[in-house]
2 protein chains.
Amino acid sequence: MTNIKEIAQFAGVSVSTVSRVLNNHPYVSPDKRESVLQAIDRLNYSRNINAIHLSKGKTNLLGIIIPFTNHPYYGAIVHGITKQANAIGCHIVIFETHYEREKEIQALNMLQMKQLDGIIVCSRISEMKVLLNYQTYGPIILCEDTAQAELSSISIDHYAAFSCALEYVIAKGYKKIGYSLGRKKSRNSFLRAKAFNDIMKKHQLINNPEWLFEGSYHIKDGVTLFQEWNSLQNKPEAIIITNDDTAAGFILTANKCGIKVPEDVAILGFNNDSLSELLDISTISLPLEWIGKMAVELFEKPEVIKHVKLDYTLIKRKSV
Amino acid sequence: MTNIKEIAQFAGVSVSTVSRVLNNHPYVSPDKRESVLQAIDRLNYSRNINAIHLSKGKTNLLGIIIPFTNHPYYGAIVHGITKQANAIGCHIVIFETHYEREKEIQALNMLQMKQLDGIIVCSRISEMKVLLNYQTYGPIILCEDTAQAELSSISIDHYAAFSCALEYVIAKGYKKIGYSLGRKKSRNSFLRAKAFNDIMKKHQLINNPEWLFEGSYHIKDGVTLFQEWNSLQNKPEAIIITNDDTAAGFILTANKCGIKVPEDVAILGFNNDSLSELLDISTISLPLEWIGKMAVELFEKPEVIKHVKLDYTLIKRKSV
DNA sequence: GTACCGTATGAAACCAGTTTCAGAGCAAGG
DNA sequence: CCTTGCTCTGAAACTGGTTTCATACGGTAC
């Protein structure tokens with residue numbers, strides 16, 4: 001591999017001059033610039049970016065921590081991140097954790113070791129204090145509703161969004177209402193659960209713990225969810241489901257079993273995926289790509305710690 | 001930031017010894033090892049991985065070129081790659097190209113600049129000779145059926161898989177058969193088209209160019225596909241659709257319009273996604289995760305150029 | 001005439017590690 | 001007693017860039 005020294009030698013200049021040409025610095029005479037460019041061409045030179053990274057102390061690499069890649073919710077966020085990151089000359093390294101602590105730490109270690117300039121945490125399993133420990137090594141952006149003063153965050157007001165969903169279902173006359181979550185322990189789930197409890201209490205409706213379902217991520221989980229629902233003696237008449245994929249799984253399975261939505265059970269989803277449109281699922285549309293975009297923008301300004309909240313939209317279709 | 005020199009000083013040893021401890025080399029006396037470890041702990045030291053990359057000449061970073069992240073077909077491949085890559089201590093950098101040449105070149109340039117140890121190309125737009133130019137900088141693995149002797153590849157026998165699909169549809173008694181593709185120009189599409197032409201000719205069936213549809217990737221494309229099909233005067237009675245997502249979009253839209261599958265039009269998909277199971281779509285199951293796994297294995301052995309082909313399975317359900 | 005400034009250039013320090021090489025100490029084998 | 005070989009250690013070279021600093025040159029202002 002040819003290096004900058006050989007180029008300098010070939011072109012009859014110093015390495016500083018070659019570096020200046022490579023970085024488009026001014027103060028290089030046209031003829032020297034030309035001879036450097038020729039040398040680069042002749043010797044088929046290409047820069048070793050690791051040396052640049054070492055020297056500059058940054059890599060233009062942005063880590064993303066997500067539980068699943070193959071999921072519309074996170075897919076949309078990642079898409080938003082990627083677009084904005086490309087716009088500022090950054091590349092993306094994806095850490096698919098499946099909520100394994102170890103994987104998350106791996107990503108954080110790469111930040112510590114300076115392989116990453118920053119990290120966007122879309123969903124986490126580690127405690128907040130663990131993240132804070134790594135914060136000295138570079139900006140960490142959270143895609144969750146947090147009051148953590150030390151880390152910037154971008155989130156949807158899940159409390160308000162869920163409340164909106166629930167109020168809509170209640171307004172439609174349903175009284176026996178259940179809901180599903182992803183992981184019970186996540187921040188988003190906490191907020192949704194709180195919203196559920198608050199609103200149900202406000203309307204003096206029964207909050208049956210049997211009607212809280214967990215582990216809803218993918219289409220297949222919708223199949224399971226339906227089976228759980230179907231096996232209940234005392235069934236809720238409406239379910240607010242974490243995401244449209246699971247909702248779709250539920251509805252399609254229900255249809256197979258001759259159970260009608262919304263006649264036998266009403267369903268409200270989240271995310272406004274293309275599937276929900278096709279299946280006429282009422283849903284809460286979340287600006288997921290925007291989350292990604294904003295996360296990158298927060299990363300760009302590490303000196304300002306901000307907490308941004310984004311809005312949601314209720315989309316009324318036929319499943320409620 | 002503390003560096004290896006400070007550690008050496010603090011521990012009263014040379015940098016070589018520190019390096020040995022860090023890399024678990026033998027030939028370090030227990031007491032020196034201990035004092036180095038203590039120094040590392042006291043000074044809260046962490047290695048700068050960029051220096052390591054520079055020094056070692058590799059990064060343990062593997063690039064993946066894919067058109068879309070948010071797609072079951074590529075999602076499954078990426079998943080397979082990620083799993084296997086993690087097993088060999090590699091991380092993944094995803095390049096979502098949307099079939100833009102520039103993005104592809106970006107990835108290849110990172111290989112050239114030694115930021116990546118290798119690249120797995122899941123689907124490409126650049127000509128083969130472009131790829132070959134970059135091959136000197138590191139292993140490039142193709143996930144496509146190629147005869148290119150210089151690059152390793154892992155692929156499904158799309159010709160055989162499509163033939164199998166078509167023979168099945170024909171055996172079911174359909175004569176007016178159409179099919180959809182992603183990009184006409186891709187290698188996979190070429191093979192599927194060839195299979196279609198060959199088999200149709202063999203059975204002396206009409207090959208109507210109006211019945212070739214393009215641009216089938218996502219659920220939404222299935223909506224469009226249905227509309228195209230529906231607007232035809234002379235409609236095919238069966239369509240073999242590139243992937244289950246598009247097939248699902250087609251079927252769900254058809255159902256909305258009161259058109260029945262398979263009575264009014266038979267559908268056969270590819271990939272055996274969870275959606276196809278729910279919707280009872282007959283499909284060809286492809287070992288996508290295995291493609292990812294094998295691709296990484298081929299990357300590990302750059303000295304051996306191999307062309308691996310994987311098998312497929314016809315899954316009979318109700319849509320044909 | 002000289003003080004000052006912008007342009008142009010290269011030497012050398014710097015980023016933070018790994019690796020090679022030479023040599024010291026010590027035990028076993030002949 | 002001498003050779004051989006293994007364990008341990010550190011100096012120095014090496015990876016390949018960027019950046020600072022000193023300096024030289026030419027033109028302009030006073």
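A, B, ... follow the sequence lines: proteins, then strands. Residue 1 opens every chain.
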request  = Return no unless some side-chain N or O of A/Lys114 is found under 4.0 Å from OP1 or OP2 of C/dA16.
outcome  = no
Would you say a side-chain N or O of B/Asn23 is under 4.0 Å from OP1 or OP2 of C/dT18?
yes
note: A/Ile40, atom CD1; D/dG16, atom C1'; distance rounded to Å ~ 14 Å
Rounded to whole Å, the NE2-P distance (A/His53 to C/dC14) equals 23 Å
Nearest-nucleotide check on DNA chain D, B/Ser55 vs B/Arg20; residue mapping nearer the 5' end is B/Arg20
Separation of D/dT15 atom P from B/Met113 atom CE, nearest Å, is 18 Å
Here the distance between atom P of C/dA11 and atom CD of A/Gln9, to the nearest Å, is 12 Å
Whole-Å distance, B/Arg33 CZ to D/dG10 P, equals 13 Å
request  = Please check if the side chain of A/Asn3 supplies one atom and the backbone of A/Lys5 the other of a donor-acceptor pair under 3.5 Å.
outcome  = yes
Q) At under 4.0 Å, does any side-chain N or O of B/Lys32 touch on OP1 or OP2 of D/dG10? A) yes
When rounded to whole Å, the CG to C1' distance for the pair B/Asn24 and C/dT18 reads 15 Å
* Would you say a side-chain N or O of A/Ser16 is under 4.0 Å from OP1 or OP2 of C/dT9? -> no
**Prompt:** Got a sec: does the CD of A/Gln38 have more than 12 other heavy atoms crowding it under 6.0 Å?
**Reply:** yes
Here the distance between atom P of D/dT15 and atom CD1 of B/Ile4, to the nearest Å, is 18 Å
task = Would you please confirm or rule out a distance under 4.0 Å between OP1 or OP2 of D/dT9 and any side-chain N or O of B/Ser14?
result = no
Here the distance between atom P of D/dG10 and atom NE2 of B/His25, to the nearest Å, is 15 Å
*Can we say B/Glu297 and B/Lys293 salt-bridge, meaning some charged N sits less than 4.0 Å from an Asp/Glu carboxylate O?*
yes
Report task. Run the numbers on A/His158 and A/Phe190 for ring-ring contact (aromatic ring centres under 6.0 Å, His included), then give the verdict. Result -> CA-CA 9 Å; A/His158 280 286; A/Phe190 171 79; over 10 Å; no
NA contact type, A/Val13, heavy-atom cut-off 4.0 Å: base, sugar-phosphate, or nothing?
sugar-phosphate
Q. Under 4.0 Å between a side-chain N/O of B/Tyr27 and OP1 or OP2 of D/dC8, yes or no?
A. no
Note: for A/Val28 and B/Ile52 on DNA chain C, the residue whose nearest nucleotide lies more 5' is A/Val28
Check your understanding: Taking only N and O in the side chain of B/Arg47, is any of them less than 4.0 Å away from OP1 or OP2 of C/dT18?
Key -> yes
Donor-acceptor under 3.5 Å (B/Arg187 side chain, B/Asp145 main chain): yes
Query raised in the report: Reckon A/Tyr45 has a side-chain N or O less than 4.0 Å from the OP1 or OP2 of D/dG17?
Result: yes
Notebook entry, point to check: Counting only side-chain N and O atoms of A/Ser19, is one of them less than 4.0 Å from OP1 or OP2 of D/dT18?
Noted result: yes
### Message
So, does A/Thr17 get its side chain near the phosphate of C/dA8, meaning an N or O under 4.0 Å from OP1 or OP2?
### Response
no
Within 45 degrees of the ring normal and closer than 6.0 Å to the centroid, is that where the cationic atom of B/Arg42 sits relative to B/Phe10? no
